[in-house]
Protein chains: 2
Amino acid sequence: MRTNRVTIQTVAEKAKVSIKTVSRVINKEKAVRASTRDRVKAVIDELGYKPSPAARALAGHTSKIIGLIYDNPSAAYVLDVQTGVLKSCYSEGYNLLIHPCDHSSDKLAEELISLVQKSRLDGLILTSPICENEELLTKLIESKIKLVNIGALSKNAAVSSVSGNDADVVKQITLDLVEKGHSEIGFVFGHIDHDSAHLRFSGYKQALVEKNIPINQEYIVQGDFSFESGVECGKHLMNLEKMPTAIFASNDYMAAGVLKAARDRHLNIPTDLSIVGYDDAPVSRQIWPSLTTVRQPIQQMSEYAAGLLFKKIIDSTVNTEHQVFNSELIFRESVKQLD
Amino acid sequence: MRTNRVTIQTVAEKAKVSIKTVSRVINKEKAVRASTRDRVKAVIDELGYKPSPAARALAGHTSKIIGLIYDNPSAAYVLDVQTGVLKSCYSEGYNLLIHPCDHSSDKLAEELISLVQKSRLDGLILTSPICENEELLTKLIESKIKLVNIGALSKNAAVSSVSGNDADVVKQITLDLVEKGHSEIGFVFGHIDHDSAHLRFSGYKQALVEKNIPINQEYIVQGDFSFESGVECGKHLMNLEKMPTAIFASNDYMAAGVLKAARDRHLNIPTDLSIVGYDDAPVSRQIWPSLTTVRQPIQQMSEYAAGLLFKKIIDSTVNTEHQVFNSELIFRESVKQLD
DNA sequence: CTGAAAGCGCTTACAG
DNA sequence: CTGAAAGCGCTTACAG
């Protein structure tokens with residue numbers, strides 16, 4: 001295997017400096033004379049030198065690898081998160097290890113700790129509904145693992161996070177329904193392990209309270225973010241003596257399920273029933289009528305989250321930060337103004 | 001940073017052997033007495049020893065990391081591929097680096113070569129439509145990069161692959177349409193950079209030839225695998241003087257688009273028009289009527305592909321292999337028997 | 001079946 | 001601003 005690999009040694013010799021100086025240039029350290037730096041850089045380019053990650057990791061006690069942990073039903077969501085995180089990784093010189101898992105496993109803490117130790121990860125990005133598990137967070141923090149949450153705030157002082165303004169935006173969308181004449185509004189609850197499910201419900205409630213509309217428990221149905229649960233919840237709401245005139249489903253899959261249930265009952269959407277979803281999933285545009293929904297800037301959020309993690313890796317005393325990203329309402333065909 | 005990390009040294013001392021013997025046990029080498037191996041293993045467990053990947057990579061000249069390269073419009077597909085590949089990685093002790101890219105970039109070869117060199121990847125898994133690019137494959141192979149394709153065979157003797165029986169299964173599904181009384185069958189072509197688009201068309205043709213049905217060029221429309229292209233292609237076919245009675249769309253997104261176009265024209269599906277898709281994407285179950293489609297064992301294929309790559313990494317003289325996986329026809333509501 | 005020595009390619013900790 | 005030495009934790013190449 002003794003190909004003439006170009007190492008830091010080769011560069012040093014050709015640039016007539018010590019390997020330490022080459023190391024300084026690679027690591028963008030300040031204390032290098034500009035002319036020296038330029039010379040070393042030129043040699044690096046000329047030789048096509050790429051520092052060995054293994055050697056750097058071994059000597060520097062940092063792998064420059066982080067892990068992304070997820071267990072989310074939406075493929076589009078997961079891919080957006082990956083894309084955002086990767087973007088940040090590329091620009092900061094980190095590599096990413098993805099790790100899908102079962103958020104309800106009672107061995108998840110051990111699984112993740114073992115993952116971090118085995119692959120010497122510098123930190124972990126946790127997504128919903130994993131980052132909602134405070135007990136898990138505590139165990140990970142006890143194991144000195146650097147953490148950032150995407151999608152849920154933590155009470156743990158060591159955990160930074162990014163999240164959306166779910167409550168606000170659902171409040172807005174509910175107010176909009178009310179202003180369009182709807183007062184019987186069904187609510188399909190998301191999977192209870194997700195913070196966002198509760199936040200979205202709180203927005204719905206806030207809007208009704210503000211408009212002095214009594215909250216009808218019959219109109220609140222428990223789903224789990226799946227299409228199938230949307231169908232069931234939709235059926236249930238349509239079987240009520242007094243069916244709602246509008247239904248907010250806590251994500252687009254469930255909204256699509258409600259739409260399916262409506263179709264099966266030969267209801268016309270939005271004439272007979274208005275439907276609102278959440279997430280701007282591809283399906284929200286691929287069904288007919290297309291869904292009024294909410295778009296979160298998932299990629300940006302994820303990119304930012306990775307940045308927070310890198311900061312914490314470099315300086316573990318950095319302040320914990322909770323960044324909220326605003327979502328955008330997208331009005332499409334599935335909502336009707338009542339007369 | 002001098003925590004009392006347990007290293008191979010710690011294990012060796014406690015087990016009263018040399019570090020070389022511990023190394024042998026870790027690497028499952030044959031030449032170790034059973035009793036010695038058991039003793040070392042016990043110490044490893046007791047101490048919770050995990051070998052340093054960096055040290056192994058540096059000394060052993062192999063990173064045990066592979067890359068997964070993709071540029072596919074379907075999130076569900078990408079995630080299935082990741083899941084399958086990861087499964088194999090876990091069992092063989094490899095780590096995975098994901099790398100989304102632009103398959104049409106003319107700098108893709110340099111980008112991938114640079115990626116492999118920078119992260120010292122042991123090999124690459126290429127998915128459609130990247131692995132269709134023979135020029136790219138040649139460049140990668142010239143750079144001594146180990147390769148396996150998912151989704152397309154290569155003429156390059158060094159590239160193993162896994163793929164589906166697309167032509168066969170589309171032939172079957174087309175024959176089924178004919179047997180149900182359809183002879184005017186529209187065909188929505190997929191993105192031409194994908195081998196599968198061409199294979200699916202070839203299956204369609206074979207079926208018509210076998211049934212002595214003339215191929216009507218007007219019925220063949222070019223899409224690009226997107227929902228929007230499906231809508232356009234659907235409109236086009238519906239505007240023909242003699243509209244087809246059935247349409248095969250080369251994936252489910254396009255089939256959903258055709259369905260949307262049919263809705264916009266107030267056509268009833270499947271009464272007025274039968275529609276068939278491909279991929280068993282979630283949307284095929286989330287629209288109404290649900291789509292007759294084809295399911296490929298993506299996860300299994302991907303897991304197998306990773307296995308092929310590992311074999312080639314360990315022994316570069318191993319034979320190139322092309323493994324075909326059979327797909328499954330899924331009959332749902334979007335197809336009608338003509339009287 | 002087992003081990004001692006050298007070395008993989010960097011960074012750390014000093015020193016100047 | 002620059003460098004010489006030691007060491008990170010393994011595997012390789014030998015030797016026995």
Side-chain angles (χ1 to χ4, degrees), chain A residues 1-41 43-44 47-65 93 117-120 122 313-314, chain B residues 1-41 43-44 47-65 93 117-120 122 313-314:
Chain A
M1 197 43 110
R2 216 62 330 278
T3 54
N4 301 329
R5 256 211 169 293
V6 7
T7 70
I8 198 171
Q9 193 74 49
T10 333
V11 176
E13 283 163 16
K14 185 138 191 174
K16 305 202 186 303
V17 293
S18 71
I19 61 168
K20 178 62 227 191
T21 294
V22 179
S23 172
R24 288 197 176 91
V25 173
I26 297 169
N27 292 299
K28 300 185 176 47
E29 288 175 33
K30 267 284 162 201
V32 181
R33 192 188 306 161
S35 64
T36 312
R37 190 196 349 269
D38 291 347
R39 184 153 39 94
V40 172
K41 273 189 177 166
V43 173
I44 288 178
L47 262 36
Y49 167 64
K50 324 232 169 179
S52 154
R56 301 182 86 176
L58 183 57
H61 310 287
T62 158
S63 67
K64 293 280 242 172
I65 304 179
Q117 292 177 345
K118 225 173 79 178
S119 297
R120 300 293 196 272
D122 288 341
I313 289 169
I314 292 164
Chain B
M1 196 47 111
R2 213 71 318 289
T3 54
N4 300 329
R5 255 211 168 293
V6 6
T7 69
I8 197 170
Q9 193 74 48
T10 332
V11 176
E13 282 163 16
K14 186 141 192 171
K16 303 201 186 305
V17 294
S18 70
I19 61 167
K20 176 64 225 191
T21 295
V22 179
S23 173
R24 287 197 177 92
V25 173
I26 298 169
N27 293 299
K28 299 184 174 49
E29 288 176 32
K30 268 286 163 199
V32 181
R33 194 189 303 160
S35 63
T36 311
R37 187 190 358 262
D38 292 346
R39 185 153 37 93
V40 172
K41 274 189 176 165
V43 174
I44 288 178
L47 263 34
Y49 168 64
K50 323 232 171 179
S52 155
R56 301 181 86 176
L58 184 57
H61 310 287
T62 157
S63 67
K64 293 279 241 174
I65 304 178
Q117 292 177 345
K118 224 172 81 179
S119 296
R120 302 291 196 272
D122 288 342
I313 289 169
I314 291 164

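A note on names: the letters A, B, ... follow the listed sequences, proteins ahead of strands, and every chain is numbered from 1. What you see is a predicted model, and the numbers here were worked out from it, not measured in a lab.
Distance from the side chain of H61(A) is smallest for dC8(D) among the nucleotides dC10(D), dT11(C), dC8(D). Comparing atom distances between the N27(B) side chain and each of dT11(C), dT11(D), dG9(D) picks out dT11(D) as nearest. Side-chain proximity of V32(A) to the nucleotides dT2(D), dT2(C), dG9(C) is greatest for dT2(D).
In this entry the distance linking CZ of R120(B) with C1' of dG9(C) reads 9 Å, nearest Å. Taking atom CD on E29(A) and atom C1' on dC1(D), their separation rounds to 12 Å, with Å as the unit. The NZ atom of K28(B) sits 16 Å away from the C1' atom of dC10(D) (whole-angstrom rounding). Distance CD1 (I19(A)) to P (dC1(D)): 21 Å, rounded to an integer number of Å. Rounded to whole Å, atom P of dT11(C) lies 11 Å from atom NZ of K64(A). Put simply, NZ on K20(A) is 12 Å from P on dT2(D), counting in whole angstrom units. Remark: P of dC1(D) and CZ of R37(A) are 8 Å apart, rounded to the nearest angstrom. Straight-line distance from the CZ atom of R56(B) to the C1' atom of dT12(D): 14 Å, rounded to whole Å.
Below the 3.5 angstrom threshold, one finds a donor paired with an acceptor across the side chain of R24(A) and the base of dG3(D).
Put simply, the side chain of K14(B) does not reach to within 4.5 Å of the side chain of R39(B), judged on heavy atoms. Within the 4.5 Å cutoff, the side chain of I19(A) has no heavy atoms near those of the T7(A) side chain.
Side chain of D122(B) to backbone of T62(B): no donor-acceptor contact under 3.5 angstrom is found. Between the side chain of S63(A) and the backbone N or O of A57(A) there is no donor-acceptor pair closer than 3.5 Å.
Note that NZ of K28(B) and CZ of R37(B) are 10.5 Å apart. Values are rounded to the nearest 0.5 Å.
Between A54(A) and T62(A), the residue anchored nearer the 5' end of DNA chain C, judged by the nucleotide with its closest heavy atom, is A54(A). Sequence order on DNA chain C of the closest nucleotides to K30(B) and A57(A) puts K30(B) first from the 5' end.
Considering only side-chain N and O atoms, S18(B) lies under 4.0 angstrom from the phosphate OP1 or OP2 of dG3(C). For the pair T36(B) and dT2(C), the criterion of a side-chain N or O lying under 4.0 Å from OP1 or OP2 is met. The side chain of T21(A) places no N or O atom within less than 4.0 Å of a non-bridging phosphate oxygen (OP1 or OP2) of dT2(D).
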field: Dot-bracket encoding of pairs in DNA chain C, which uses [ ] for pseudoknotted crossings and | for another strand, Watson-Crick or G-U under 3.5 angstrom
entry: |||.||||||||.|||
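Considering I44(B), T10(B), V40(B) in turn, I44(B) is the only one that fulfils the side chain to side chain contact (heavy atoms under 4.5 Å, CB included) rule with Y49(B).
Remark: K16(B) pairs with no residue by the side chain to side chain donor-acceptor pair (under 3.5 Å) rule, at least two apart or across chains.
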